[in-house]
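Note sheet for the following structure.
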Amino acid sequence: MEIPTKYNASNVETKWYEYWMEHNYFHSTPDEREPYTIVIPPPNVTGVLHMGHMLNNTIQDVLVRRARLQGKNACWVPGTDHASIATEAKVVAKLKDQGIDKNDLTRDEFLSHAWDWTNEYGGVILEQLKKLGCSCDWDRTKFTMDDDMSEAVIKVFVDLFNKGLIYRGYRMVNWDPEAKTTLSDEEVIHVERTDKLYYINYQIEGENNFVTIATTRPETILGDTAVCINPNDERFIALKGKKVIVPICNRVIPIIEDDYVDVEFGTGCLKVTPAHDINDKEIGDRHQLEVIDILNEDATLNSYGLHHQGKDRVVARKDVAKELDELGVLVKTEELIHKVGTSERTKAVIEPRLSDQWFLNMKDLVKPAIKAVLEDEDVKLFPKRFNNTYRHWMENIRDWNISRQLLWGQQIPAYFYGDGKDDFVVAESKDDALMLAKEKSGNSNLTLNDLTQDKDALDTWFSSWLWPMSVFDGIRNPENEEIKYYYPTNDLVTGPDILFFWVARMIIAGYEYKDEKPFSNVYLTGLVRDKQRRKMSKSLGNSPDALKLIEDYGADGVRVGLLLSSAAGNDLMFEEDLCQQGKAFANKIWNAFRLVQGWEIADIEQPESSHIALKWYEAKFQNALAEIEDHFSKFRLSDALMTMYKLVWDDFASWLLEIVKPAYQQPIDRTTYNKIITIFENNLKILHPFMPFLTEEIWQYVSERTPEEALIVAKYPIIEGYDTQLISDFETVKDVVSGIRTIRKEKNISFKDTIELSVLNNENLSSTFDAVISKLGNISSMSSVTETVEGALTFRVQSNEYFIPISGAINVEEEIEKLSQELKYTEGFLKSVQGKLSNERFVNNAPEQVVASEKKKEADAMAKIDTLKSSLASLK
RNA sequence: GGGCAAUUAGCUCAGUUGGUUCAGAGCACUUGGUUUACACCCAAGGGGUCAGGGGUUCGAAUCCCUUAUUGCCCACCA
């Protein structure tokens with residue numbers, strides 16, 4: 001087969017992806033082989049591919065492809081997440097564009113719009129992953145709202161409810177006024193802001209005196225039901241038992257005493273608004289205060305806002321402040337830097353709000369999950385430092401608010417049959433619910449029509465925490481073959497930002513429902529940032545178009561570029577140059593193959609240089625293979641890739657191929673050729689996980705292959721012992737060749753001109769590699785001498801001195817200068833080594849081998865000084 | 001406010017239990033190179049008080065203390 005001169009990435013990529021799909025190589029079914037399983041972190045169903053996904057999924061694909069080559073039954077389960085808040089927001093926005101208000105739609109109407117949207121945009125991201133080369137088992141593609149997935153979610157909810165772990169509570173929750181739903185604590189991001197701190201006077205009832213309180217939210221005074229002081233605060237003894245009048249609404253409220261108040265902060269007087277602050281709520285509970293909620297669900301003021309009713313809280317804040325000023329009770333304002341809770345999704349400022357929500361009691365559920373990670377290391381986090389973060393969160397975990405005031409998601413399976421607080425039952429179906437309701441209420445006349453299902457949906461994470469189990473139907477059918485075979489999965493690759501949202505909860509769910517970990521290793525990737533360390537985002541416009549990158553550099557180039565500098569847990573500073581480097585590497589491999597492929601083979605004798613070089617490379621390959629293995633065991637993918645990069649580019653292309661390369665238009669011997677082909681194939685095997693397309697393409701050019709012989713399912717090279725001496729000897733050879741090249745460059749001797757080389761051998765270096773040195777140095781004759789050669793250019797490698805005689809062109813002054821410099825350096829070195837050796841404490845305390853090595857250094861240095869001195873003498 | 005981590009060449013990072021191969025890699029840079037796989041290339045080369053200070057040790061990038069800077073996580077101070 002004639003190979004094209006240029007590697008055409010996009011044609012090749014399409015061809016092989018289709019080929020792999022056609023032959024079902026991504027598909028896995030349980031068999032007798034060892035399974036290797038990864039479940040994808042399901043991207044948002046309506047999302048598009050960004051750099052984070054690229055990195056994340058490249059890593060997963062590398063792991064999966066490698067496992068496949070190693071003979072494991074590799075299964076990578078893809079899918080998408082319904083992402084309730086994000087998706088619902090998008091659908092609401094789209095409806096709004098069409099002039100439709102969500103509130104005018106019935107539940108079913110809205111859901112039908114949402115499904116339309118999902119079907120239209122959903123899965124785009126999965127198609128993009130294919131472009132990247134991801135070898136997911138697409139037959140297994142799952143969506144968190146598939147019927148079976150939803151069933152599992154409901155089943156788990158009912159089960160946890162029946163275990164007494166899920167309860168309904170009227171609590172202070174985080175309210176996102178934009179999405180109009182509650183959020184879990186984890187979904188609240190605290191952002192530092194500068195706000196105004198308002199000092200406001202409240203008149204003491206029946207006196208012409210005032211107390212001053214400080215607040216950042218003056219509009220909430222309309223919900224005040226007390227003013228609180230610290231009982232030990234001597235300044236306010238006179239206030240005890242009195243009442244104050246809230247400005248604007250003129251409500252009379254008591255002055256209460258509570259230790260919570262910090263004497264140092266603000267004025268030492270705290271206004272208490274139980275409906276709008278978690279601490280105030282607690283104080284309120286302790287003192288049986290009235291709760292006055294002044295906000296609507298969209299954070300506009302309700303009737304308690306009086307003449308400010310209907311205004312947004314932010315507007316109301318200014319207006320109330322203005323009114324207070326006009327009333328003469330606004331004492332002053334100050335700038336205050338503090339943290340404000342915002343919604344992770346909508347960025348809206350969170351309002352603490354009291355409402356009925358569903359909670360999951362986490363206290364006991366987390367116990368096995370803590371043990372698994374921190375004690376038993378059944379689940380390992382990479383990098384390990386995340387153990388600390390994990391511990392802190394798990395040990396301080398609070399109950400999980402799992403209800404969301406959204407339609408898009410699994411509807412909470414609670415059915416109300418009366419108006420009472422506890423007049424509800426929880427069941428997997430409405431029929432079951434009716435039965436339970438009849439029982440619980442004692443009213444056997446209840447009908448399905450009397451039941452009203454809770455209108456809220458469950459938190460998205462309440463479905464995704466089951467993902468590693470539910471994709472194998474492990475919740476509904478715990479004993480099925482698939483879950484037994486694939487679970488627990490092996491590795492999970494995701495970002496540290498969802499360590500709590502998702503990773504920790506999967507571990508919790510795994511132990512609760514399978515009594516086993518969901519995965520053994522968690523590889524936490526870093527964020528992809530731009531060169532200025534800014535997070536890549538749409539709004540900054542600094543995120544490159546992922547598909548454009550693939551077009552420009554090829555999928556392999558992008559994959560290599562992404563992995564070149566991305567240690568686990570470290571952010572990746574991305575720039576296109578990296579992809580360029582990846583593409584250049586692909587080009588290098590391509591051209592190396594073109595060279596080999598162009599050789600004419602003849603049955604001639606194998607040159608000595610080729611023989612020894614091949615032996616060396618085989619050792620070097622094994623050495624690299626062991627290193628790569630070690631890197632993979634520690635999830636150091638960048639290092640593994642770099643090892644291959646250097647192996648293939650430097651050792652294989654620059655050294656080995658240059659050595660075995662026949663002279664122009666000369667044939668190569670068959671023995672060498674066959675070995676080179678085998679070596680090339682092994683190179684392709686180890687590179688394949690990183691560069692699947694290029695390697696598969698070349699693989700097919702190397703020799704005709706049946707589909708069963710495709711590279712994607714080839715056998716990974718086996719680690720064997722290797723000759724380390726050969727490797728270190730060759731390092732010396734490289735130094736000698738470099739020495740020759742340096743002299744050629746310094747003296748402007750063209751590589752085409754042959755030169756002679758003499759060696760003054762003080763070290764009995766093996767002459768095995770002489771043929772290699774001759775070839776790479778273009779040496780006409782090589783000889784060993786016992787004395788310094790006069791009138792020659794020299795260089796030294798270890799304690800050997802090399803001479804290149806050259807007629808008349810020696811600049812004696814220059815040579816003397818050069819040798820003197822080297823002598824001076826070596827003498828200095830010797831002095832420091834001898835200093836060490838004459839230190840008794842060093843000789844007595846240091847391990848034997850360290851002392852021995854110092855002695856060898858001393859001997860080498862002395863030998864070198866001798867040769868330098870005699871060379872200098874002969875020059876003079 | 002509490003905790004965790006980082007700081008090594010212009011950039012991105014390795015450097016495992018202190019000691020042979022400890023000051024490294026890739027990129028970038030400088031210089032030279034065009035008939036014979038690749039200029040997306042080849043060859044040679046320059047470049048670092050290992051953030052600052054102190055300590056332990058025969059010996060410290062590595063262990064301890066301290067200062068500074070940066071990043072991340074957690075936390076209800078109005």
Quick one: which of B:A25, B:C74, B:A37 gets closest to the side chain of A:M642? B:A25
For the side chain of A:L595, counting heavy atoms from C-beta on, which of B:C76, B:C74, B:A37 is nearest? B:A37
Just N and O in the side chain of A:R741: are any of them under 4.0 Å from OP1 or OP2 of B:A44? yes
Heavy atoms from C-beta onward define the side chain here; which of B:C76, B:A78, B:G26 lies closest to that of A:D262? B:A78
A:K634 has a side chain; which of B:C13, B:U16, B:A78 sits nearest to it? B:U16
Side chains of A:T273 and A:D224: do they bring a donor and an acceptor to under 3.5 Å? yes
Considering only heavy atoms and no angle criterion, is a donor-acceptor pair shorter than 3.5 Å present between the side chain of A:N279 and the base of B:C76? yes
Aromatic plane relationship, A:F730 with A:W655 - under 30° parallel, 30 to 60° tilted, over 60° perpendicular: perpendicular
Confirm from the modelled atom types if A:Y260 and B:C77 form a donor-acceptor pair under 3.5 Å, side chain to base only. no
Hey, is the side chain of A:E658 pairing donor to acceptor with the base of B:A43 inside 3.5 Å? no
Heavy atoms of A:F751 and A:G777 approach each other most closely as CE1-C, 4.2 Å
Taking the six-membered ring for Trp and the single ring otherwise, decide whether the centroids of A:F500 and A:Y390 are under 6.0 Å apart. no
Measure the distance from CE on A:M573 to P on B:G71 and round it to the nearest whole Å. 12 Å
With a 4.0 Å cut-off on heavy atoms, is A:S654 in touch with a base, just the backbone sugar-phosphate, or nothing at all? sugar-phosphate
Students often get this wrong, so: under 4.0 angstrom with heavy atoms, is A:R636 touching a base, only sugar-phosphate, or nothing? sugar-phosphate
Using a cut-off of 4.0 Å on non-hydrogen atoms, how would the nucleic acid contact of A:W649 be classed: base, sugar-phosphate, or nothing? sugar-phosphate
Matching residue for A:K734 among A:D650, A:D651, A:D729 - test: salt bridge (Lys or Arg N to Asp or Glu O under 4.0 Å): A:D651
Sugar-phosphate only, base, or nothing, as touched by A:A653 at under 4.0 Å among non-hydrogen atoms: base
Taking a pair to mean Watson-Crick or G-U wobble geometry with both distances below 3.5 Å, B:U70 pairs with B:A5
Once you apply a heavy-atom cut-off of 4.0 Å, does A:N388 come out as touching a base, just sugar-phosphate, or nothing? sugar-phosphate
Which is true for A:S738 with a 4.0 Å heavy-atom rule: it touches a base, it touches only sugar-phosphate, or it touches nothing? sugar-phosphate
Donor/acceptor link under 3.5 angstrom from A:K588 side chain onto base of B:C40: no
